[in-house]
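Since the structure comes first, as structure tokens, the remarks are kept for the end.
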Amino acid sequence: MVRIRLLFLCILLPLLFHACSKPDKNPPPGSCVYDPTPVMIDPPDYLPPLESPPDNPLTEEGIRLGRKLFYEPLLSADTTLSCAGCHNQTYAFSDQGKRYSTGIDGIAGTRNAMALFNLAYASSFFWDGRAATLEEQVIEPVPNPIEMHQEWPEAIKKLQNHPEYPCLFYAAFGDSIINRDNAAKAMAQFLRTLISGNSRYDKYLRGELFGTGNEFTESEERGLQIFMNEFGNPEGGGDCFHCHGGILFQNVDPSLQFRNNGLQEAATLNDFADKGRGAVTGNPQDNGKFKVPSLRNIALTAPYMHDGRFATLEEVIDFYSEGLKRSPNVDPLMKGAQAGGVHLTPQQKQDLLNFLYTLTDEAFVTNPEYASPH
């Protein structure tokens, strides 16, 4: 469970100084007050520390507004779809088993909706990394013609005419005149609070399972070793940790987070149907590379890969075991690529699958602080 500490002395926190000032800018009628309460996220044990961005420090009021906006269907043109419509908390804020999300006009996208958690650690967003910040990321779905299909000025007009939002924006930002940037800042604040770090695996690391009757099974222990073993290990070398390493189960280093994992056979760098990262950077060496997702909550976020081609985790494991494809820029860490996969036995596959199930964080997907406030 995420623990949030309130910091009452703004003078001690230079990064939050401007959040503690009290401009009197377009105050709405009534009893609205601008007196933001700074917040610091205290992540669960083993997860890295977190700091608020200097230009968008976390506050109680900003998080509250962002949560309401995340669940607000007014952001869509026909007022039927909110951000949560494609990012359901029950499924770790992914899209309920859908390969492609469908927007308000019944048009499906071309990429799988990514799960939303531990975004505060990320340095880029979307499968191709085209957004450098959460503030940039949350702006895109609203005007996207195959998603919410509404220009931001129209969305702002709806919010401005709403009986609650002018006061909520004033409480968060000291201005009741709503604009896109403040809406994006608020949603980004809420998304940064979505921290997942309390799975059975985390409890295993903390020694909390001993004597509970819920200790790791022998199969789960073997699966953990397969996950960590190098390719070629006779006990099962899954080679998973290279791309899904560390406590976050993903590499957030900007230079290492985009990889070609052998999904498509390609004779040249121009043979990839979806160029992925290459379409953003313009570098042919980046063609066919996509962001490596976290494996936390992986049992809840099917289907898998950027295009949702695998419906089950069993299919994913089979792919890495026997289905890797060759291409000019397949990642060098995919050591089994030349052999077509890491070649796990049926028992090793089951053990690895059982370990991956231990990464599910039930507290995260049932946390009432993340649920709809409506």
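Small disclaimer: the values here were computed from a predicted structure and weren't measured.
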Distance-only polar pair, side chains of [X] and [Y], donor-acceptor under 3.5 Å:
{"X": "T268", "Y": "N270", "answer": "no"}
{"X": "N354", "Y": "Q350", "answer": "yes"}
{"X": "K291", "Y": "Q250", "answer": "no"}
{"X": "N214", "Y": "T212", "answer": "no"}
{"X": "N261", "Y": "Y320", "answer": "yes"}
{"X": "E369", "Y": "T193", "answer": "no"}
{"X": "N260", "Y": "D331", "answer": "no"}
{"X": "S124", "Y": "Q257", "answer": "yes"}
{"X": "Y170", "Y": "E61", "answer": "no"}

Are any non-hydrogen side-chain atoms of [X] and [Y] less than 4.5 angstrom apart?
{"X": "L313", "Y": "Y357", "result": "yes"}
{"X": "P303", "Y": "F310", "result": "no"}
{"X": "I195", "Y": "I41", "result": "yes"}
{"X": "E136", "Y": "F125", "result": "no"}
{"X": "E151", "Y": "V142", "result": "no"}
{"X": "F290", "Y": "F258", "result": "no"}
{"X": "N297", "Y": "L359", "result": "no"}
{"X": "R259", "Y": "L256", "result": "yes"}

Measure from the side-chain N and O atoms of S321 to the backbone N and O of I317, and report whether any donor-acceptor pair falls under 3.5 Å.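 The answer is no, because no donor-acceptor pair under 3.5 Å joins these two groups.
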
May I ask you to decide if P293's main-chain N or O and H244's side chain share a donor-acceptor pair within less than 3.5 Å?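 Side chain of H244 to backbone of P293, a donor-acceptor pair under 3.5 Å: yes, one is there.
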
Which pairs would a plain distance check flag for residues 177-187, meaning a side-chain donor or acceptor within less than 3.5 Å of a matching protein atom at least two apart in sequence or in another chain?
unit_1, atom_1, unit_2, atom_2, d
N179, OD1, D181, N, 3.1
N179, OD1, N182, N, 2.8
K185, NZ, D55, O, 3.3

Could you go through the side-chain contact (heavy atoms from CB on, under 4.5 Å) check for L356 and L295 one step at a time? CA-CA 8 Å; L356 292 175; L295 295 187; 4.2 Å; yes

Using the rule that Ile, Leu, Val, Met, Phe, Trp and Tyr join whenever any side-chain heavy atoms are under 4.5 Å apart, tell me whether [X] and [Y] fall into a single cluster.
{"X": "V252", "Y": "Y46", "result": "yes"}
{"X": "W127", "Y": "Y91", "result": "no"}
{"X": "V33", "Y": "L168", "result": "no"}
{"X": "F231", "Y": "F355", "result": "yes"}
{"X": "F126", "Y": "M305", "result": "no"}

Does the side-chain hydrogen bond (donor to acceptor under 3.5 Å, both in side chains) test come out yes or no for E235 and N229, once each step is laid out? CA-CA 8 Å; E235 295 182 358; N229 284 346; 4.9 Å; no

Spacing of [X] atom [atom1] and [Y] atom [atom2] [to the nearest 0.5 Å]:
{"X": "N88", "Y": "C83", "atom1": "CG", "atom2": "SG", "answer": "13.0 Å"}
{"X": "N112", "Y": "R309", "atom1": "CG", "atom2": "CZ", "answer": "11.5 Å"}
{"X": "Y34", "Y": "N26", "atom1": "OH", "atom2": "CG", "answer": "13.5 Å"}
{"X": "F227", "Y": "D351", "atom1": "CZ", "atom2": "CG", "answer": "14.5 Å"}
{"X": "N56", "Y": "Q189", "atom1": "CG", "atom2": "CD", "answer": "4.5 Å"}
{"X": "M228", "Y": "C240", "atom1": "CE", "atom2": "SG", "answer": "9.0 Å"}

When you look at Q348 and R222, which way does the side-chain contact (heavy atoms from CB on, under 4.5 Å) test go after all the steps? CA-CA 8 Å; Q348 289 166 344; R222 291 194 302 267; over 6 Å; no

side-chain contact (heavy atoms from CB on, under 4.5 Å), that's the test. Do R296 and S199 meet it? Break it down for me. CA-CA 8 Å; R296 285 182 171 275; S199 65; 3.9 Å; yes

Test log, rule side-chain hydrogen bond (donor to acceptor under 3.5 Å, both in side chains), inputs N198 and D361: CA-CA 5 Å; N198 199 31; D361 184 350; 4.8 Å; no

Smallest separation among heavy atoms of [X] and [Y], with atom names:
{"X": "L324", "Y": "G341", "answer": "CD1-CA, 3.8 Å"}
{"X": "R99", "Y": "D307", "answer": "NE-O, 2.5 Å"}
{"X": "V365", "Y": "A92", "answer": "CG1-N, 3.8 Å"}
{"X": "A266", "Y": "D271", "answer": "CB-CB, 3.8 Å"}
{"X": "Q264", "Y": "S327", "answer": "O-CB, 3.9 Å"}
{"X": "G237", "Y": "L344", "answer": "N-CD2, 4.1 Å"}

Partners of H149 by side-chain contact (heavy atoms from CB on, under 4.5 Å), sequence neighbours excluded?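 If we apply the side-chain contact (heavy atoms from CB on, under 4.5 Å) test to H149, skipping adjacent residues, the hits are I104, D105, P145.
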
Mind checking whether F210 and F216 have ring centres under 6.0 Å apart?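 Not under 6.0 Å, so no.
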
Would you say the ring centers of Y304 and F319 fall short of 6.0 Å from each other?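 Not close enough - the centres of the two rings lie 6.0 Å or further apart.
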
Does the distance from a Lys or Arg side-chain N to an Asp or Glu carboxylate O, for [X] and [Y], drop under 4.0 Å?
{"X": "D274", "Y": "R111", "result": "yes"}
{"X": "K349", "Y": "E322", "result": "yes"}
{"X": "R277", "Y": "D286", "result": "no"}
{"X": "E220", "Y": "R200", "result": "yes"}

Take T79 and K158 through the side-chain contact (heavy atoms from CB on, under 4.5 Å) test and state the conclusion after the steps. CA-CA 10 Å; T79 68; K158 290 180 183 178; 3.3 Å; yes

Under the 6.0 Å and 45° cation-pi test, does K68 pair with Y165?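 Yes, a cation-pi geometry holds between K68 and Y165.
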
Could you check F364, Y71, F70 and say which one makes a ring pair (Phe, Tyr, Trp, His ring centres under 6.0 Å) with Y370?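 Answer after filtering F364, Y71, F70: F364.
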
side-chain hydrogen bond (donor to acceptor under 3.5 Å, both in side chains) for N118 and S196? Distances and angles first, verdict last. CA-CA 6 Å; N118 296 345; S196 178; 5.2 Å; no

Show the numbers, then the answer: is there a side-chain hydrogen bond (donor to acceptor under 3.5 Å, both in side chains) between E230 and H242? CA-CA 9 Å; E230 295 273 1; H242 285 300; 3.1 Å; yes

Parallel, tilted or perpendicular: ring planes of F173 versus F169, cut at 30 and 60 degrees: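 Answer is tilted, since the angle falls between 30° and 60°.
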
